[in-house]
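So the structure is just underneath, and the comments pick up after that.
In the text below, chain A, chain B and the rest are named by the order of the sequence lines, each starting its count at 1. What you see below is based on every heavy atom in this structure, not just the backbone, and it leaves out hydrogens, waters and symmetry mates. Bear in mind the structure is a predicted one, so any value in this text is a computation, not a measurement.
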Amino acid sequence: MSSRDELYRRLFRTALLIRLVEQRIIELYPSDKIQSPVHLSIGQEAVAVGACDALRKDDVVFATYRSHAFYIAKGGRLDAMFAELYGRMGGVSKGKAGSMHLSAPEVGLMGSSAVVASAIPHAVGAALAFKRRKSSRIAVTVFGDGATEEGVYHESLNFAALTKAPVLFLCEDNGLAVHSHRHIRQSYGLLQHAASYGIATRRLDEGWDAVAVREATVEAVERVRAGEPFLLEIATARYKEHVGVGEDFHFGYRAQADIDRWKRHDPLIQDRQLVEALTPEVEREIAQAVAFAESSPTPGRAELLTDVL
Amino acid sequence: MSSRDELYRRLFRTALLIRLVEQRIIELYPSDKIQSPVHLSIGQEAVAVGACDALRKDDVVFATYRSHAFYIAKGGRLDAMFAELYGRMGGVSKGKAGSMHLSAPEVGLMGSSAVVASAIPHAVGAALAFKRRKSSRIAVTVFGDGATEEGVYHESLNFAALTKAPVLFLCEDNGLAVHSHRHIRQSYGLLQHAASYGIATRRLDEGWDAVAVREATVEAVERVRAGEPFLLEIATARYKEHVGVGEDFHFGYRAQADIDRWKRHDPLIQDRQLVEALTPEVEREIAQAVAFAESSPTPGRAELLTDVL
Amino acid sequence: MNVTATKQKPTATRVLSYAGALLETMDAGLASSPNVFIMGQGVDDFKGIFGSTTGLAEKYGADRVFDVPLMEEGMTGAAIGAALVGDYPITTHIRADFAFLAMNQIINLASKYSYMFGGLMRCPMLIRVVVGRSWGQGAQHSQSPQATFAHYPGLTVVMPATSQAIVDMYPQIINKHPGPVISIEHRLLYNLDFSVADSGSKIPLTSYVARPGKDVTVVATSVMVIEALRAAQYAEDKAGIQAEVIDLNSISDPDWDLVVDSVRKTGRLVIADTSWLEYGLAGEVCRQLVMRDPGLLRVPPAMLGMAKAPCPTAKSLEDLYYPSQHETVDAILTQVKGQEHGIPLPTERSMTEGYKRFRGPF
Amino acid sequence: MNVTATKQKPTATRVLSYAGALLETMDAGLASSPNVFIMGQGVDDFKGIFGSTTGLAEKYGADRVFDVPLMEEGMTGAAIGAALVGDYPITTHIRADFAFLAMNQIINLASKYSYMFGGLMRCPMLIRVVVGRSWGQGAQHSQSPQATFAHYPGLTVVMPATSQAIVDMYPQIINKHPGPVISIEHRLLYNLDFSVADSGSKIPLTSYVARPGKDVTVVATSVMVIEALRAAQYAEDKAGIQAEVIDLNSISDPDWDLVVDSVRKTGRLVIADTSWLEYGLAGEVCRQLVMRDPGLLRVPPAMLGMAKAPCPTAKSLEDLYYPSQHETVDAILTQVKGQEHGIPLPTERSMTEGYKRFRGPF
Ligand SMILES: Cc1ncc(C[n+]2csc(CCOP(=O)(O)OP(=O)(O)O)c2C)c(N)n1
Ligand SMILES: Cc1ncc(C[n+]2csc(CCOP(=O)(O)OP(=O)(O)O)c2C)c(N)n1
Ligand SMILES: [Mg+2]
Ligand SMILES: [Mg+2]
């Protein structure tokens, strides 16, 4: 197998893991075992997988409520994730975080915020800390297209550009903020806008392709590590509803056809052979994680008031 | 006299009025009759004068703590202004506003906020209200170069551009935010940045020239009234310290020479003949206003809890 | 579930959900004047702020009811600007937590505009914020900032607990009240049905007695009013205790005399609020009592609120985090009969029928 | 003016202004570890946050002490990010009012980071905010948000009233305290000189008795502690009254037992705070009292705070707006001797020597 094939296979496997994890979440949801709003990344897996593969383990990532994919791609433990969704002691955060606040600081995922755009300046601050220590680590902030409308995005771009902070602004452009399309919300082109701060940018339209995402990220990371911020925008597609496990095409705010077009590129759908080859092993991994969650105890009163400070 | 000469003279007179008003404030200040932080516009008068002359009386302006100039240029009563600085019942706001919160809604000055950038979205909202009513009125927000760093500036530009709000963004660029120079604070060029939202822009370097400011504003206002936002940036110079009545060149954060260069263009300094011709009458006007303030009663307990809602 | 919000026997009643009451009053507000408009993220989508704005964009047009970008501070500022030139804006935040992004506009501008300019201008507007709870809302989607906002003069803060409160109060607010109003609505109430009287004396922009009684005073807010009413019923059924439940209703302008008179009568007090107790609403109730008469309380009052921590997501922790029906009943019984009251408590921990069923939409 | 902050007789004392104490502790913090840094608008300019950071950029370098653009939310977010990877950030706001622009980061992020992630990460940092007063600060430069911040679990809120409090507390906070701390400093204190003991028992991160007494308890915060001490002295001189003054000092973690024990002894209470009374600190004091024992107060307590309005700028109104020395003394006398105490009050309305002279810098 060529190294490119190997790479494809490796990234594919992680993407498949994410997809099947979220499929499992969909299956489990009606049982009420997961009592947490879930924002699924189904359709968007390749962004997380490609991007994280281009990072070092000690590079830090700040993410959003839609972060199952980044949690897994950055190397978070699957059993702890399921236990967290279940609200159990074995969960990442002993059930205090739920789906919206996954983190794995041991592999660099420094938190996920459910307040849109709020983690963007965190990455800038972490990057500046690295820079001051002359460390080669970088910080990444992952956010949706909608997040760029918040004022703090402007403040963060400006500050990062001024200080030459080694931060990667990674925008997952699924074209939607909840049910609102981008043109309703944004008068600016994201790249041109970021460029006006003197920030180098790139957009990748093939967000289904983890290898392409990885390559784009590698290039971006190189520049960031050399000491400048970079904005990478990756087109992607959210297959499911904004929050929850259902589909919502019947509400008419978007067209099934647009997602169908995207699916025709999606390797996790198109490369059936590889899906079939890998699924059994991946499913076993998931089954183990779910079993761990199921058997993990429920947090009780002893946990209620710990770790407040 | 040509109409251009007349225009020059008219604008000159208002600018002189503002300058002499603020000179009077400087003289009065050691007496502690004015117990309010004052942010002087000395050096910046032409921006307010030229801009307001291009507006209709029913166009609305939202301003900042540095708004003596805009208050006078938009047509606010001078006696009420002095009484306000004195903290008297005859003041614009019965002494509740002081220097930082001048307003004159009867001539369209809808308030001055001492929280930097906070009035920018107000103008966008007012403009949208006008638009919805199909009124031809427009809204203007005046702010300093520093204000553009705040997140709400980004939100306001985006929203105005999206909604085609008839709003003029008027930036007084004195190159400073308190003691910080612009290049320390901003990675972006203001015009290029605003253009990335699809907002038409112009910069005027000759901010000492009220006629030029007026012309630039007339052009901008025409476009705004036709139904789009516009950003006009006008270079200007703050002769005095950020807040207070003194000079502060000896602190070394900026060069006297830069201000001296500006003063060589300043008609209020260079056109001595007209200064001399107009001063006596202007001084009389100011003296009357000061006399009004001096004789105006002090607000008492009856005022303390009124107008809270 | 049917809860009658006032003690008056209404001439005619109908059943109306909280969301339905909101939709009705939004509709009526828009109909009352072309100056009224609604803006907020998603107000014109098919979910329509949990059903409270659904269909209004179609009915009144996209310039009267419109979606905005993610821009809480900017939106609130735009609303202020519109208010200053004569409009009546209604803005929405699907979680009260997001209103913290607009704190500067709310506290430094909206609440001060009238006074700061000596009454030259007014800033009438309605800011609707929704408190989240249940199904793993977590630390950032569950806060209830009534004490925070009510601390600042110039803001009117209300917490409608029933459809009746909305139907009665919103028409007094929208395009009528002179200043900015923050209405803190509770997500768990949206799906509840209430019996509503269209005539009769209206719930005012202050507190009212939701259930008369003589043995103990319960001062409650928002969804805790519903809890308190249920608990009071239980205490009456099981122990013949007559608890007087006062819906504080207006947080910025409560009827303190009503509260004090009730405590003067009962000598016993339970405070049931939706937020943290520390530096919260409960403190203000205590302050008002001791200022008027430090001898009114016969025993230390009981207080129910969120545990002193951010909100956890796990159901098992959330159940401990919020006051349960069990605890509310126990507080009432203990006030009247002492800790050894020996009366069996209700067993189910959950709060309302609606609560048990709640699983979004978020 | 010299005020000894603690009752302990110190072995050696020196005179140190509040601004001087701040500068010392900032300097010591920076010296203690390369992880400590200071950022804020103007921290490196010649005014140096009213003298509290002057010269530090030169001493520690522009990457340790630096100016930032106008970006309160962004700056606070950046501080959080730095804290999460091991730095100790100190941020400044020259007015507490501007911290409302960072409210989202402070409340929704900093205060929740530890709990929300189950203790996996900590967010230690110090946010310094300055309360403005006098010389026409007006509605937007005068707010004192201790009650607002202390309502939210996860935040530590302190209000140092003296140089001693700073010298003692800041070293316990900077690079030591596990979570985010908001220190609410008062502009009028900056120019005051205090006597400071460098040895002896330190002021802890909680309340302490600033002046012992047996006749009436005065619970005060920040600059009102200075006011209370002066008033207490006056009451002793003119009427032999021994007022016990408690500096609440830590707003989020007061020593309530200290307060309650004092009131148990005196039965009388004056609360003197720098903010509004409604939904403010005074309420929490009352709540803690009645929870522990509703029978402690012999008479209704007196409360001193800002009038229920935004802050006006006119001197004549500002004088009425804030509690005067006159009113503070009267409150103490009235608690002990009743309203007809007949003891002449001090005539000057103004608060401190420093206050009378205050005319900036702003
Ligand atoms: C400050 C804030 N405002 C509003 C919301 C409600 N909200 C949650 S997700 C979302 C849309 C965000 O869109 P985008 O950034 O593109 O991310 P996506 O969900 O598409 O991944 C909104 C408005 C929020 N969580 N935070
Ligand atoms: C939100 C906010 N942050 C900080 C300040 C303190 N401050 C007052 S004026 C000012 C500088 C503003 O600069 P600019 O916008 O250029 O206006 P200029 O004073 O130069 O006219 C600052 C930082 C403030 N008033 N509001
Ligand atoms: Mg999106
Ligand atoms: Mg400037």
Side-chain angles (χ1 to χ4, degrees), chain C residues 72-73 97-98 100-101 103-104 106-109 111-112 114-116 118 138-140 143 145-154 251-252 269 275-301 303 306-310 312-313, chain D residues 72-73 97-98 100-101 103-104 106-109 111-112 114-116 118 138-140 143 145-154 251-252 269 275-301 303 306-310 312-313:
Chain C
E72 286 78 6
E73 166 92 352
D97 317 66
F98 308 156
F100 293 143
L101 283 106
M103 198 75 178
N104 173 50
I106 297 172
I107 302 293
N108 286 334
L109 282 304
S111 84
K112 314 246 185 301
S114 174
Y115 191 87
M116 189 158 82
Q140 298 178 325
Q143 293 169 97
Q146 57 271 31
T148 295
F149 287 123
H151 182 50
Y152 296 89
I251 310 305
S252 54
L269 175 65
S275 186
W276 293 287
L277 296 171
E278 294 74 21
Y279 293 93
L281 184 132
E284 186 62 10
V285 176
C286 295
R287 188 176 83 86
Q288 296 289 342
L289 279 180
V290 299
M291 275 204 310
R292 285 167 167 81
D293 186 343
L296 288 182
L297 290 170
R298 280 177 236 161
V299 291
M303 298 179 195
M306 303 197 295
K308 196 177 173 183
T313 54
Chain D
E72 285 78 7
E73 167 93 351
D97 316 67
F98 308 155
F100 293 142
L101 283 108
M103 198 76 178
N104 173 50
I106 297 172
I107 303 293
N108 285 334
L109 283 303
S111 84
K112 313 243 184 306
S114 174
Y115 191 88
M116 189 159 83
Q140 298 178 326
Q143 292 169 99
Q146 57 270 31
T148 295
F149 287 122
H151 183 50
Y152 296 88
I251 311 306
S252 54
L269 174 65
S275 187
W276 293 286
L277 296 172
E278 293 74 22
Y279 293 94
L281 183 132
E284 185 63 10
V285 176
C286 296
R287 187 175 84 86
Q288 295 290 343
L289 279 180
V290 300
M291 273 203 312
R292 284 168 167 81
D293 186 343
L296 288 183
L297 289 171
R298 283 178 234 158
V299 292
M303 297 179 194
M306 302 198 296
K308 196 178 172 182
T313 54

If you tally heavy-atom pairs under 4.5 Å against chain D, which of C:Gly118, C:Gly280, C:Gly295, C:Gly154 wins? C:Gly280
D:Met116 CE to C:Gln140 CD distance, which is reported to the nearest 0.5 Å: 4.0 Å
Heavy-atom pair of closest approach, residues C:Tyr115 and D:Pro310: CE2-O, 3.1 Å
Heavy-atom distance under 4.5 Å to chain D: side chain of C:Val299, backbone, both or neither? backbone
Under 4.5 Å from any heavy atom of chain C - which part of D:Leu281: both
Nearest heavy-atom contact between C:Pro301 and D:Val290 is CD-O, 3.5 Å
Heaviest contributor of heavy-atom pairs below 4.5 Å to chain C, chosen from D:Met303, D:Glu72, D:Arg298, is D:Met303
Proximal component of D:Ser252, with respect to chain C [non-hydrogen, under 4.5 Å]: backbone
What pair of heavy atoms forms the shortest contact from C:Pro153 to D:Ala309, and how long is it? CG-N, 3.5 Å
Among residues at least two apart in sequence or on other chains, which ones pass side-chain contact (heavy atoms from CB on, under 4.5 Å) with D:Leu296? D:Val260, D:Val263, D:Arg264, D:Leu289, D:Asp293
Side chain D:Asp97, main chain C:Asn108, donor-acceptor under 3.5 Å: no
Quick one: does C:Tyr279's side chain have a donor or acceptor within less than 3.5 Å of a partner on D:Ile251's backbone? yes
Which residue out of D:Ser111, D:Ala147, D:Ala307 racks up the most heavy-atom pairs below 4.5 Å with chain C? D:Ala147
Rounded to the nearest 0.5 angstrom, the CG-CZ distance for D:Leu109 and C:Phe100 is 12.0 Å
Can you tell me how far the OG1 atom of D:Thr148 sits from the CE atom of C:Met103, to the nearest 0.5 Å? 5.5 Å
Separation between CD1 (D:Ile107) and CD (C:Gln143), nearest 0.5 Å, reads 7.0 Å
With a 4.5 angstrom heavy-atom cut-off, could you sort out which part of C:Met306 is near chain D: side chain, backbone, both or neither? neither
Honestly, the part of C:Ser114 sitting under 4.5 Å from a heavy atom of chain D is neither
Qualifying residue, where the test is side-chain contact (heavy atoms from CB on, under 4.5 Å) with C:Leu277 and the options are D:His151, D:Arg287, D:Glu284: D:Arg287
If one checks every heavy atom of D:Gln288 against chain C at 4.5 Å, the contacting part turns out to be neither
